[in-house]
Amino acid sequence: MAEWKNDEQLFELIEKELYTAVIGDICDLEGKRKNFLSPDIRPLDGPISQRCMAGRAMTVLEVNTFFDKEDDPQPFGRMLEALDDLKKGEIYICAGAGSFATIGELMCTAMIARGARGAVSDSFIRDRGIKELDFPVFSTGFYGQDQRGRGKVIDFRVDIEINGVKIQDGDLIVGDIDGVMVVPREMEEEIITKALEKARGEKIVQEEIRKGMLATTAFKTYGIM
């Protein structure tokens, strides 16, 4: 039986005790060996980068465009709709963009107001004020070039793909200093339960090694390293 009763308890448990590396190890053992997004997708610098982020994927699909009409009633496509549709506990995760910023400070402010737990872009972010929001954001870096006239959100809550990793709306997203990973919803209870067992076991092994146990003995005894 799972240790958590709802998503809020699950997210808090992950952020308190787990990290992407140990969850990734369990995914590997369960045959899910393609769960990490590109290593280019990194957290914001600073103290917030030391935190773990966990939440449900709110998938957003963006495409490149090559012109901008001044009278376009939707210059960002369905981006504003997507922001307004965010639910508490979700992570705004955007895929398909080109060389421009798909997330900015005002967008993150809207996400925070909706109760989101973070944001992920397979492209860039912009606005240095993001660093002051204390909000987990993962991207390939900062770049001031706007998406208006260069890209539009064409849909949300649809299947997306980043670096060959398929992401479905509602999948579990976990991010930290080691990257961002996706845990398929249908496997999350088994994977997170086993990850908790491994993470707690690692603390025991670390203490034994600190006391002088050899690495080979530790692995033979606990099966963890």
Side-chain angles (χ1 to χ4, degrees), residues 20 24 34-46 48-49 51 53 55-86 90-112 114 116-169 171 173-182:
T20 57
K34 187 69 173 177
N35 286 70
F36 273 95
L37 304 188
S38 168
D40 294 334
I41 299 176
R42 310 299 303 161
L44 284 172
D45 294 332
I48 196 170
S49 68
R51 289 168 45 187
M53 171 191 73
R56 294 281 173 206
M58 193 275 206
T59 55
V60 179
L61 180 61
E62 181 136 3
V63 297
N64 295 330
T65 58
F66 302 97
F67 60 89
D68 181 26
K69 297 179 181 178
E70 291 186 6
D71 60 347
D72 188 345
Q74 289 187 308
F76 304 105
R78 302 186 67 191
M79 184 190 78
L80 301 179
E81 289 180 61
L83 287 173
D84 289 345
D85 197 58
L86 264 170
E90 292 187 325
I91 291 171
Y92 184 101
I93 181 164
C94 180
S99 296
F100 47 83
T102 61
I103 295 174
E105 181 182 2
L106 287 179
M107 290 178 66
C108 288
T109 301
M111 294 176 200
I112 293 169
R114 299 296 298 166
R117 297 183 73 90
V120 180
S121 171
D122 67 347
S123 185
F124 299 96
I125 60 174
R126 71 177 201 166
D127 302 324
R128 60 185 180 182
I130 286 182
K131 290 187 175 183
E132 309 302 321
L133 295 178
D134 193 34
F135 183 65
V137 181
F138 292 74
S139 72
T140 59
F142 277 93
Y143 189 34
Q145 188 156 263
D146 193 14
Q147 63 181 308
R148 182 168 183 166
R150 300 181 178 91
K152 283 188 174 185
V153 170
I154 59 169
D155 211 348
F156 56 93
R157 300 200 181 281
V158 295
D159 291 357
I160 60 175
E161 187 175 298
I162 295 177
N163 190 227
V165 180
K166 182 179 179 180
I167 307 161
Q168 296 182 308
D169 194 65
D171 279 345
I173 304 296
V174 183
D176 59 20
I177 193 68
D178 288 325
V180 179
M181 67 173 309
V182 182

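Computed over heavy atoms, backbone and side chain alike; hydrogens, waters and symmetry mates excluded.
A distance-only check finds a donor-acceptor pair linking the side chain of T59 to the backbone of V158 [under 3.5 Å]. Looking only at distances, a side-chain donor or acceptor of Q145 sits under 3.5 Å from a matching main-chain atom of S99. At distances below 3.5 Å, at least one donor-acceptor pair connects side-chain atoms of D122 with backbone N or O atoms of G96. In terms of modelled atom types and a separation under 3.5 Å, the side chain of R126 and the main chain of A101 share no donor-acceptor contact. Remark: side-chain polar atoms of D171 are not paired, donor with acceptor, to backbone N or O of V182 under 3.5 angstrom.
Counting heavy atoms from C-beta outward, I167 and I173 have side chains that approach closer than 4.5 Å. Proximity of I162 to V180: side-chain heavy atoms (C-beta onward) are nowhere separated by under 4.5 Å. A heavy-atom distance below 4.5 Å is not found between the side chains of E105 and E132. Under the 4.5 Å side-chain criterion, counting only non-hydrogen atoms from C-beta, M111 is not in contact with V137. Two residues are said to be in side-chain contact when any heavy atoms from C-beta on lie closer than 4.5 Å; F142 and K131 meet this criterion. Inter-residue side-chain proximity for I41 and N163 is flagged as unmet; no heavy-atom pair is nearer than 4.5 Å.
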Item to complete: Take R157 and E81 through the salt bridge (Lys or Arg N to Asp or Glu O under 4.0 Å) test and state the conclusion after the steps.
Response: CA-CA 11 Å; R157 300 200 181 281; E81 289 180 61; over 6 Å; no
Worksheet item: Going through the distances and angles, do L44 and F135 end up as a side-chain contact (heavy atoms from CB on, under 4.5 Å)?
Response: CA-CA 9 Å; L44 284 172; F135 183 65; over 6 Å; no
Fill in: Derivation and outcome, side-chain contact (heavy atoms from CB on, under 4.5 Å), residues Y92 and R114
CA-CA 11 Å; Y92 184 101; R114 299 296 298 166; over 6 Å; no
Worksheet entry | Verdict with supporting geometry, F100 and E62, side-chain contact (heavy atoms from CB on, under 4.5 Å) | CA-CA 11 Å; F100 47 83; E62 181 136 3; 3.5 Å; yes
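With rounding to the nearest 0.5 Å, the separation of CZ in R78 from CD1 in I154 is 9.5 Å. Between M79 atom CE and Q147 atom CD the span is 5.5 Å, to the nearest 0.5 Å. Annotation: the span from D84 atom CG to F156 atom CZ amounts to 9.0 Å, rounded to 0.5 Å. Rounded to the nearest 0.5 Å, atoms CG (L37) and OG1 (T140) are 12.0 Å apart. Note that the CG atom of D146 and the CZ atom of F124 stand 14.0 Å from one another [nearest 0.5 Å]. Once rounded to the nearest 0.5 Å, the distance linking CG of L86 with CD1 of I91 reads 10.5 Å.
Closest of all the heavy-atom pairs between A95 and E161 is CB-O, 3.9 Å. Taking both residues in full, the closest heavy atoms of M58 and A82 are given as CE-O, 2.8 Å, listed atom of the first, atom of the second, then distance. Listed here is the closest heavy atom pair of V60 and I160: O-CG2, 3.9 Å. Between L133 and C108 the shortest heavy-atom distance is CD1-CB, 3.6 Å. Between M181 and T20, the shortest heavy-atom contact is SD-O, 3.5 Å. In plain terms, the two heavy atoms of I103 and A119 that are nearest each other are CD1-CB, 3.8 Å.
The salt bridge (Lys or Arg N to Asp or Glu O under 4.0 Å) test applied to D40 returns no partner, not counting sequence neighbours.
Side-chain contact of S123 with T102: a donor-acceptor pair under 3.5 Å is absent, judged by distance alone.
The existence of a salt bridge linking D134 and R51 is confirmed by a sub-4.0 Å separation between a basic side-chain nitrogen and an acidic carboxylate oxygen.
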